[in-house]
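The structure appears right after this line, and notes come after that.
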Amino acid sequence: AQYSLSPCYVSLALYKCLYGRAHPTNLQHHRHYTSGESSGAAKVVAVGLVTLGSSIGGTVLYAKWDPKFRTAVEKNIPYSDWLLGMALGPNPYSPVTAHKKQVSKFITPKYPTTPPDLTTNPLSRIASLEESLASSAKTTLQAIGAQEAALQAIGSHTHKLKEAMEAEVPPDQKSAQWRDLETALAERRSTVNDAGAALLKARDALDSLRSVIDKAKESKVAAVQPLVLAAEENLHSMVVDLDQAVTKVQSAESEAKIVSQYTELVNEAKRQFQKELSSLTPEIQANWKGLTGKLSADDLNALIAHAHRRIDQLNRELAEQRVREQVHIEAALEQQKLEDQKALDKAVHTATQHSKEEARLEQERKLSELREVMEAEMRTQLRRQAAAHTDHLRDILKVQEQELRSEAEQVLNSKMLEQETHYRQLTQEQLDNFTLDMNAAYARLKGMEEAIDSHVIAEEEARKAHQLWLSVEALSYTLKTAGSDLPTKPLESAVQAIQDSCCNNEFALALASALPEESLRRGVYSEASLRSRFNSLRSMVRRVALIDESHNSLYQYFLSYLQAALLFEEKQAMPPTQLTNEDLDPFKLLSYASYCLEHEDLELAAKFVNQLRGEARRVVQDWLTEARLTLETRQVVTLLSAYANAVGLGTTQAP
Amino acid sequence: MSEKELGKKWDRCLADCAVKVGAGLGLGVVFSVVFFKRHTWPISFGLGTGLGMAYSNCQNDLRSHYLLHRSMKVGWTKQQ
């Protein structure tokens, strides 16, 4: 609330701070004053005062309207409570602390602390209680003070009186003493009066307090009780102190009375003596103490005689007194007893009252303490219960939380699973599609590659076949290079060429390796040469036609030669399709072979020649071997060429 | 050349015959002259011997292929 105090004021202060001694015209411009050249400073001051007054008035009005704001203002701004109290009256919602401060100012030196603040409804009752407590405390203190003052005055007066009675002081000081005594007496009287008045006031206040306490007790608010109890205790202690002070004063007074009686007696005696003295010595004035040098011897003697008489009289009285001592003492004792009894009764009465009061207060205090303890215990139990409850709640909440969490997790998991499966499906689909595409593309690629490879292979094969064919052709050409009687060139190189050109063709390799060694190294004879050789062989074979293992003597040789000379066979005879036994005759065989040779059937010729036996066979052995070689070679070459042709045909693509 | 073998054999044979006959003749002559007082029978004997030896050699030479050598066992094949 204090910040809303005066924005205008604050802004003004701010402006003053910022602009320092601002030119009045600036402020005028800021204030939008159109009245021109009147003195700026006065204007500023007037404006400041106006704002201050308006702010204060506004604060007061608002405080009147809003007590809380008033409380806040009173709390924060010193002397505002005085101002506001003046303007608006006391704060109905003033906090108890303010009163407490006042109360504690008076009470704290002697009495225990007042009860704590209250903000509940019986604030008025509490307030009245506090007020009465305060006022009663004040009056009691005053009364006690007055009593003590009276006590002191009485004491001093008594003391002075005693002094005056007993001390031997010079006369001028005596008069001073007597004057002091009188002042003391006056003082004592006044103080005693004051004390009495104060006592009355205090007792009134205490009575009012008691009534207020009784009224407050009727209210059932629990928080009031300790206040009430404390107030009662205060009351009781005040009463006790008051009584104590009163008794002290009374004792002092009784003592003073005794002393005054004693002084009276002494004064009486003195007056008596003086009267006697004056009767005896009429010319001597009262104050006999100052007459030391003025008395004559007669006077002195008379005085002494008087004194002696007086002493005798006194002795007699004393003896009488001694005799009547016992009776007097008994009477006095009786009186004293009575008085003591009375005093005792009174004291007992007051003491019992006090003790009763104390007991009651003690009881109430104990009760309140017990109540507090009970309350505390109940509070702890309640707290414990609350704690148990909170624990239970916490446990249940935990369990619930667990359950809910598990549920939520389940739901989450299922959702996640769904999403995952869906996603997996999608990805799988994508993947499958992609794989399919890839596979298709790959297959096509593979197909293309295979086609290309096969093309390449086919071309390679074709090339190889071509090469093979070429080499086979070369080989067959080498076969033709046989001279009339010379064998061909060695077929080795050609065969090597073939082997190189068909290194991975097993058939060709086998064939190439099937060529006889001789043909490779030495070459083969051509058919023509073999034919011519056969022709030359023929005559030889004819000559040894009869020679075999068993017929090989020289005579047989002669016979065989004779047969050869005499037998004539056809030069060439067509061989039959099937040979009979007669066809195995050498001459016939020779003619068949010759026929075959003439018809370029070396094989058949060789077959026929192979049928020769004995020495004829031995003679044609070489020729047969050569023929075989040639045949073999030719066969292999034919096979190779056929194969090459076949391969070539196979690899050649029809346009 | 196997066909030339016979020719070679015949050549040898003839050469041997010539030698043998000559040697026989010579010996015969010698013997006849020396030991047998110029009878002709040692010469013919010698000739005959020579001729016979030549004949026999020739025959052996011609049939040498068909004769098993002594070192070869009969009935044993080469594989065993």
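Just so it is clear: chains get the letters A, B, ... in the order the sequence lines come, proteins before strands, and each one is counted from 1.
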- Over 12 foreign heavy atoms within 6.0 Å of CZ, B:F45: no
- Item | Results of side chain to side chain donor-acceptor pair (under 3.5 Å) for A:Y557 - residues two or more places apart only | none
- For the student: nearest non-hydrogen atoms of B:Y66 and A:N552, plus distance: CD1-ND2, 3.2 Å
- Item | Closest heavy-atom pair and its distance - A:Y561, B:W10 | OH-NE1, 2.7 Å
- Based on non-hydrogen pairs under 4.5 Å, which of A:Q621, A:E549, A:M540 is most in contact with chain B? A:E549
- Query: Are more than 12 heavy atoms from other residues, nucleotides or ligands located less than 6.0 Å from atom CD of A:E570?
  - Reply: no
- Message: Can you tell me how far apart OG (A:S536) and NZ (B:K4) are? Round to the nearest 0.5 Å.
- Response: 7.5 Å
- Message: How long is the straight-line distance from SG of B:C13 back to CG of A:L554, given to the nearest 0.5 Å?
- Response: 6.0 Å
- So which part of A:V544 gets closer than 4.5 Å to some heavy atom of chain B, the side chain, the backbone, both or neither? side chain
- Message: Counting only non-hydrogen atoms closer than 4.5 Å, does B:L6 touch chain A with its backbone (N, CA, C, O), its side chain (CB onward), both, or neither?
- Response: side chain
- Note on the structure: Under a 4.5 Å heavy-atom criterion, the part of residues 622-631 of chain A in contact with chain B comprises A:D622, A:W623
